[in-house]
Every structure is written in structure tokens, then in C-alpha cells.
Amino acid sequence: MVVCLAAIAAVAITLLVVSAGATTGGERAPRAGAVSSAAVEEPECAENAPITQVLSSGSAWTMCWRVDHNTGLVLEDVTFAPAGHKQMQVLASLTIGQLEVPYDTGVRTTEDITAQGFGGRSMLTLGEKSCGGERVTADVPLVGDGSVGGVETREVLCRETVDGGIAYHATADTPGAEAVVERRTDLRLSTVSKVGWYEYVTQYTFGADGSITPELGATGDLSPADYTDKAHGWAVGEGDHHHAASHSHNAVWKVHWALGGRGGQRVEQYDARDTDEMGPKSRVVAGSLQAIEREGTREMGNRRWWRVLNPARLNEDGHPVSYEIGLGASSSFTFTRDDGHEHGGYDIAFTEATDCQLFATANRDGHCGRGVPDYVSDREVLDDVVAWVAVGFHHVPRDEDQSPMESHWQGFTMIPRDVTATRPDVPPGHESVNGSPPPAG
């Protein structure tokens, strides 16, 4: 189904049932009790009509979106309204910050975002099979911001409400009792961009649970110009004569945080390590948080994740609201331009927001630095936080990848941590569970 921007703009602002949830300024909000109706306010977007979606839990997402010539799909002013709670801004913006594709032969690499871009003519018009939901139009500049060369109005954004699987499943110990179970829905936004032989799916999934999952899917064709030997590729086709070159897809997403509004953000790293102590059944594991107060880069580790929090905004239990960043599976890498740099090779970096720091590498404003290693070099105190999340995928070709290859994916997940005191859509019979449960019997 094709949906034009005018039709979306005409949709009335969705009303939700909300309560006095987490508040700003350190004031502890009362636990959900008296419920009143309030509106989920849509942002005033500079270009396209805002996106608003209520999901299965009763929670809602709102955001602005636009198409940038370099980074393609850009999401801005992203807010989440958990069921029964006030609306809260989560992100100021979210987009991809660079995609580098170096080949194992060492003779070719590309910086697809800054060299060609995911917007403009690279962003493809979607057909019925490209999008299982609504195809939304936008004015796509042909060159730069459109001031030269004009724009094309095309259906480039796919907006879908998809099945997110089992939201929860709880079975009572009482014999014959039915399970308390619900499935969930998620909002999925995607675009498709063709760069060289590859076609990339930029995809963002916003869960009914408040999660955000950025992903990059790669399909299209293997480069016919990049065939090599067995040491640097994989045999495809008959026999052992043609070896398609292995290569990497090194992607970095730029996440500008705004939990409850820009500024006042803090960053922490969580680590859990084995101790020398053995318990009755297993080794004791001790976990701790480390404050990251200044700009810098960090690397993945076992049982390690990061969170961005707003200490001035508390949930109903008095805990600061935050989002956890989990990298999942990733091939760690160093950008070609960062090789040999003392800060090169990172899995995540945190910087203070600056308007001219646009790309992870090949940044065109030399005053701001050429890339993330330059951005963190002055070790500025963090307040208006940007996370640069690097997720690599080493692609060793296979016979099945030949024309066109199956989509392969890389990405990461951001999940709410203490945004609400309990899950926002508590099922009947579970309302009293908050903290340690009462003794059995």
C-alpha cells in the first residue's frame, strides 16, 4: 500500500492512557495509580511528516525522518511513550556514520557513505516486493541538499508493523493453569541503497518493549573485478579455479543521545569478571559499573556493555533512566584511515556532540577532525553524548552468494534499562511484583 506524506500528516495525534511516570529534575514520581488521558505529542519536523506508531503493548514511538545525500535515512527527535507513562525523548538523531569495505587482497577499499552516499540517486525507489508495508514518499535531492540539480519525489521509505515474536510467557505452578502469554509488534523502517555491486538495506526496528535495533543488510552481487587466490578468497563456481575475494563490511552508526532532552547525559561501562571464589555450585562472578566521564574509545569484552543515563530523570523506583548498548556479534576492526593512530581500532566511542563531526572517517571539516580518533583526542567532558557504534562483518564468499546473494546482516541493540519500574504492560495477576517477591506460602 502506498502512503503519501499528506495522508500521514492528516492523521490525528494518537491518544494514549498515561500516568505520571518518570520525571525530570530528580523528583521521584509516584507509582502508577490514578490514570489520566494525555496526548502523545508529535514533533515538528523540518521536512517530512512525523511518524507515530502505537504498538501491541500500548507503548508508542514518534520521530522525524529525512534523507541525507551521504548517510541516507536519518531519524531525529525519537521519543518513546511506555504504556501508562509519559512520553520521553530518547535520541536527538540516529544514522549511519560510515561504511568501509576493504578487500582482503589489500588492493581495494571503499568509503561508501562519504564517497558515494546512501541518499540521492543511490537510494532506490521501493516496489511492492521491496516493502511489505506502507511505501512513503519523500523529496530526495539529486545532488547535495537539492539546491543544485533539484529533487525527485519518490517512494523510498518502507514503514511496517511486524511481528516481534513472544513478548512474555509465564506459567503458574498450579496444575492446569493457563500460561500468561502475549506476542508483540514492532515498528520497522527501512530504505534500500545501491552502491557499486552491492545493495544495502538500512533498517531500524523500534520494539514494543522500547528497544531500538539498527541493522545493515547487504545483498546485490559479488564484485566481478575482485577475484583472487585461495589465501584471500573462497572458491565459487565449478572446481577450484575462481576465488571471490573475501572482504569486510565495517559499519559505524552515529547515535546522538537525548534521554529526557539533550545534555545532562552520562556514560557507564559494565563489566562482570570471574573471581577467585567458588560458590557451592559455580564460580562467583562480580559485576561493577565504571563511569566514563570524558571522550574516548572502548573495546568489546566478555560480559561487557555500556549504558547512557540521565541521572536527573528517575523512574518510579527512584532509579535513573538509561539505555543499554549491546554489540552482540561483531568482527572488530580498524578503519584504513585510522590504522597506526593511537586511538585507532574501537568497538564503541563516546564524544561530545559537535555539529561538524558528521562521519566516522573522511570527515570533510578539518577544523573538527578527520574522524573519531581526532574527535576523542581532546578528552572533552561528556554531557551532550554521541555514541559511535562500530560493527564489523567479515564476508567470506560462498557458492550461494552468486547473483544475487542472500542478504546478510550486521547491527546492534539498544534496550531500556530502568526507564520504567516494571514492564509497562503488566498482565493481570502480576501487578504486585516489583522488587524481591514475598516468601512462598
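These numbers come from a predicted model, not from an experiment.
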Applying ring pair (Phe, Tyr, Trp, His ring centres under 6.0 Å), name anything that partners His408, two or more places apart in sequence or on another chain.
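If we apply the ring pair (Phe, Tyr, Trp, His ring centres under 6.0 Å) test to His408, skipping adjacent residues, the hits are His249, Phe393, His395.
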Would you please name every residue forming a ring pair (Phe, Tyr, Trp, His ring centres under 6.0 Å) with Phe333, sequence neighbours left out?
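By the ring pair (Phe, Tyr, Trp, His ring centres under 6.0 Å) rule, Phe333 matches Phe335.
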Pair [X] + [Y], salt bridge at N-O below 4.0 Å:
{"X": "Arg266", "Y": "Asp383", "result": "yes"}
{"X": "Arg298", "Y": "Asp347", "result": "no"}
{"X": "Arg379", "Y": "Glu295", "result": "no"}
{"X": "Arg307", "Y": "Glu324", "result": "no"}
{"X": "Glu111", "Y": "Arg337", "result": "yes"}
{"X": "Asp77", "Y": "Arg262", "result": "no"}
{"X": "Arg294", "Y": "Glu380", "result": "no"}
{"X": "Asp226", "Y": "Arg108", "result": "yes"}

Counting distance only, does the side-chain N/O of [X] pair as donor-acceptor with the main-chain N or O of [Y] below 3.5 Å?
{"X": "His85", "Y": "Ala83", "value": "yes"}
{"X": "Gln53", "Y": "Ala60", "value": "no"}
{"X": "Thr228", "Y": "Ala245", "value": "no"}
{"X": "Asn363", "Y": "Leu358", "value": "yes"}

Just wondering, are more than 12 heavy atoms of other shown residues or ligands nearer than 6.0 Å to CG in Asp163?
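Buried by this count: over 12 neighbours within 6.0 Å.
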When you look at CD of Glu293, are more than 12 heavy atoms from neighbouring residues, nucleotides or ligands closer to it than 6.0 Å?
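Open: at most 12 neighbouring heavy atoms sit under 6.0 Å from CD of Glu293.
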I'd like to check the side chain to side chain contact (heavy atoms under 4.5 Å, CB included) partners of Pro141; sequence neighbours left out, ordered by chain and number.
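For Pro141, the residues satisfying side chain to side chain contact (heavy atoms under 4.5 Å, CB included) (neighbours in sequence not counted) are Val151.
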All side chain to side chain contact (heavy atoms under 4.5 Å, CB included) counterparts of Val426, not counting sequence neighbours:
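Once residues adjacent in sequence are excluded, the partners of Val426 under the side chain to side chain contact (heavy atoms under 4.5 Å, CB included) criterion are Thr422, Arg423, His430, Glu431.
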Can you list the residues that meet the side-chain hydrogen bond (donor to acceptor under 3.5 Å, both in side chains) rule with Thr161, with sequence neighbours excluded?
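Thr161 satisfies side-chain hydrogen bond (donor to acceptor under 3.5 Å, both in side chains) with no residue once adjacent residues are dropped.
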Can you classify the ring geometry of Tyr375 versus Trp388 as parallel (below 30°), tilted (30 to 60°) or perpendicular (above 60°)?
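Ring orientation of Tyr375 relative to Trp388: tilted.
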Please output the side-chain donor-acceptor pairs of residues 250-259 that fall under 3.5 Å, not counting sequence neighbours, one pair per line with the distance.
unit_1 : atom_1 : unit_2 : atom_2 : d
Asn250 : ND2    : Glu100 : OE1    : 3.1
Lys254 : NZ     : Gln357 : O      : 2.8
His256 : NE2    : Asp384 : OD1    : 2.8

Applying the ring-ring contact (aromatic ring centres under 6.0 Å, His included) criterion to His247, which one of Trp197, Tyr198, Trp234 satisfies it?
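For His247, the ring-ring contact (aromatic ring centres under 6.0 Å, His included) check succeeds only for Tyr198.
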